[in-house]
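Scroll down for the structure; my scribbles are underneath it.
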There are 2 protein chains.
Amino acid sequence: MSPAGIRTARTTAEPTGAQDRRRLRARDRRALIARMVQTDGAVVVEELARSLDVTPSTIRRDLALLTEQGTIARTYGGAMVAGHTAEPTLGQRSGLAVAEKDRIGRWAAARIAQGDTVILDAGTTTGRLAHHLRGRTELTVITSGLTALRELAEADGIELITLAGTLRQVSQGFVGPLAELTLTRLTADKVFLGADGLDAKLGICEASLQQTALKELMAQRGGQVYVLADSSKLGQSPFTAWAPLTGPWTLVTDSGATDDQLAPFRALPDVDVVTA
Amino acid sequence: MSPAGIRTARTTAEPTGAQDRRRLRARDRRALIARMVQTDGAVVVEELARSLDVTPSTIRRDLALLTEQGTIARTYGGAMVAGHTAEPTLGQRSGLAVAEKDRIGRWAAARIAQGDTVILDAGTTTGRLAHHLRGRTELTVITSGLTALRELAEADGIELITLAGTLRQVSQGFVGPLAELTLTRLTADKVFLGADGLDAKLGICEASLQQTALKELMAQRGGQVYVLADSSKLGQSPFTAWAPLTGPWTLVTDSGATDDQLAPFRALPDVDVVTA
DNA sequence: CAAATACTTGCGTGTTACGCGCAACCATGC
DNA sequence: GCATGGTTGCGCGTAACACGCAAGTATTTG
């Protein structure tokens, strides 16, 4: 840690090894930091100081400069990627009923046992479910959702399988013939589906037939079927594409659901209704 | 300012309208904060405390809770929208030769024309390539890499297709029979492969046969084949699994490569060598 | 209706990170 | 060789943070 020692070492460094010792001062270091933030998403002051061999003070100065420049955004102990100002697609949707979705996801996660293989649909609610699976072991998760993928990408104990397909931006999920092709090679113990709207008779409502087709196939490929839908989705039909639910299934919603909303589902013989 | 006033109002509230009156505290406040962050992009602790009439401590608690949920991201004096950041735990595994990888990626991105369909291998270098494709239009990108997926998930003009498969954590890519199955349904104009090691005679070296098998298939499925490998990979064979390169291909590396490293590749008739 | 329980909030504590000024240092150019 | 501008490390005071405690409130239970 003695600065004198470092400087002595630097001054006595041979000019022969020109490229390996004295590199990375100021400008290059900042560019490197900026790129690291972009790549990793977030960095920590102390780690940067250690790996770049400078004091935290210097790192802070760099971060302040880059923040001024708009390249990055400062956090408490470090920095992260600058906010994409506003994100209309996913941002608005995930902003609503976060707590409800989280509770639903937590309840669903508790239903998954060690050794299980589960299919996770795309969507924010299933993303929360995935979040609560982190740290679990001996689990196989099959998913078509980018949100769940992000949550579990670093989870050690979980075997993560993705479906193929083309990315649908608004729902952040993979759909299409390739996704369906992949599913024909897989089955699971439990299936967790999301929904843009849910009707007791018609089933799950989505914006496109691609999505409903995939959900239908998912339901066929799994043992127990759970539909995760917060109370704002019940009885709604915002779109015109429907995925009927033939076999027995479980509706998981939040305590904000009214009896009027739940009655049609409770009336069905094959449907189990749960409020998380 | 007076909590007594609010509380009086709460106690006098009728039990009939049980759900509509009694909350503006805790739960709803957090939902409100989440929404404010989403709309405004960033908020400040002190301001929130003043406008919501609670102490900064409470706001901090709320922010900590919402951060845990993943709804927002904490900054120094406040909070901001959660850019789709990976966990800070990810660290700087990709800290080596960032500048070189980036230059290689940029050069490769320039080779891709409007209307092209390209296959992107997993890896950090192809991740940089993907980064430089953001903002492009009329492009179809097929990838097995989570890094490239993250880069292009929000890119409007690009049709993004993922291969199926099980996630290989160390390389952040999808491999296995499902990935190969998906590839048999696709072809592309250009293929960009990464490499853990590269030998002029043996081909691409990887840690597992799953990876080499996939790379081999990728090369077959695309027209022009590019291998992106910074100079530290040339002539290296860190593992024992190999993907031979049969057809003509282009090696893209950085200017740090020595003539000794490049000579074996230049000697091959079917190989084009480029330094970015 | 009263007691018990869970939750929330404000305040005080110590800890951590931050920003700024100073002096020494290095790399340029004249 | 000397001067100049940019960089770096260090110490200081300040601001933001995390944690624990106690008081108050809402919800549940008998």
Side-chain angles (χ1 to χ4, degrees), chain A residues 1-13 15 18 21-33 42-69 72-80 99 103 255-256 275, chain B residues 1-33 42-68 72-80 88:
Chain A
M1 265 311 117
S2 105
I6 293 174
R7 277 164 197 150
T8 322
R10 226 185 291 163
T11 49
T12 56
R21 257 280 172 260
R22 67 157 176 257
R23 61 180 171 189
L24 276 192
R25 277 334 187 197
R27 227 185 139 104
D28 289 340
R29 186 187 56 242
R30 282 166 202 147
L32 182 59
I33 291 175
V43 292
V44 183
V45 170
E46 289 295 335
E47 288 184 11
L48 285 177
R50 228 174 299 125
S51 72
L52 295 177
D53 195 28
V54 288
T55 57
S57 302
T58 303
I59 297 296
R60 280 187 239 281
R61 265 186 285 248
D62 291 338
L63 295 183
L65 207 137
L66 291 169
T67 304
E68 178 80 11
Q69 188 178 324
I72 64 173
R74 203 66 211 286
T75 64
Y76 184 60
M80 59 178 287
R103 263 198 305 275
S255 53
T275 59
Chain B
M1 246 332 110
S2 109
I6 293 172
R7 273 159 200 154
T8 319
R10 228 183 294 165
T11 49
T12 55
E14 280 303 304
T16 55
Q19 282 187 339
D20 53 80
R21 255 281 176 264
R22 66 164 179 252
R23 320 165 177 150
L24 180 56
R25 253 36 189 171
R27 204 160 136 168
D28 285 350
R29 185 186 59 240
R30 281 165 203 148
L32 182 60
I33 292 175
V43 292
V44 184
V45 170
E46 289 296 335
E47 289 182 10
L48 285 177
R50 229 173 299 125
S51 72
L52 296 177
D53 194 28
V54 289
T55 57
S57 301
T58 304
I59 297 295
R60 279 187 238 282
R61 268 187 283 247
D62 291 338
L63 295 183
L65 207 137
L66 291 170
T67 304
E68 175 75 15
I72 64 173
R74 202 66 210 285
T75 64
Y76 184 61
M80 58 179 286

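Reckoned from all heavy atoms, side chains included, excluding hydrogens, waters and symmetry mates. In what follows, every chain begins at residue 1, and chains take the letters A, B, ... in the order their sequences are listed.
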Length of the line joining B:Arg50:CZ and C:dG10:P, which is rounded to integer Å: 15 Å
With sequence neighbours left out, write down each residue that passes side chain to side chain donor-acceptor pair (under 3.5 Å) with A:Ser57, or none if nothing qualifies. none
N/O (side chain, B:Arg61) to phosphate O (OP1/OP2, C:dG10) under 4.0 Å: no
Holding to side chain to side chain donor-acceptor pair (under 3.5 Å), I want the full list of residues that pass it with B:Thr75, two or more places apart in sequence or in another chain. none
List for me each residue that meets salt bridge (charged side-chain N to carboxylate O under 4.0 Å, His left out) alongside A:Arg61, sequence neighbours excluded, and say none if there are none. none
Whole-Å gap separating P (C:dC20) and CG (A:Leu63): 14 Å
Length of the line joining A:Leu65:CG and C:dG19:C1', which is rounded to integer Å: 14 Å
Write out a two-atom table: protein N or O, nucleotide N or O from nucleotides 13-16 of chain D, distance below 3.5 Å.
residue	atom	partner	partner atom	Å
D:dA16	O4'	B:Tyr76	OH	3.3
D:dA16	O3'	B:Tyr76	O	2.7

Of the nucleotides C:dG10, C:dG21, D:dT7, which one has an atom closest to the side chain of B:Thr55? C:dG10
NA contact type, B:Ser57, heavy-atom cut-off 4.0 Å: base, sugar-phosphate, or nothing? base
Any side-chain N or O of A:Thr58 less than 4.0 Å from the OP1 or OP2 oxygen of D:dG9? yes
Taking CD1 from A:Ile59 and P from C:dG19, how many angstroms apart are they, rounded to a whole number? 14 Å
Selection from D:dG9, C:dT8, C:dG10 that lies nearest to any side-chain heavy atom of B:Arg30: C:dT8
OG1 of B:Thr67 to CG of B:Asp62, rounded to nearest 0.5 Å, is 10.5 Å
Return the value, rounded to whole Å, for the distance between atom CD1 of A:Ile33 and atom C1' of D:dT7. 14 Å
Mind checking what makes salt bridge (charged side-chain N to carboxylate O under 4.0 Å, His left out) contact with B:Arg74, not counting sequence neighbours? none
side-chain contact (heavy atoms from CB on, under 4.5 Å) partners for A:Ala49, two or more places apart: A:Pro56, A:Ile59
Nearest-Å distance, CG (B:Leu52) to P (C:dT8)? 16 Å
For residues B:Thr58 and B:Leu52, determine if any side-chain heavy atom of one lies less than 4.5 Å from a side-chain heavy atom of the other. no
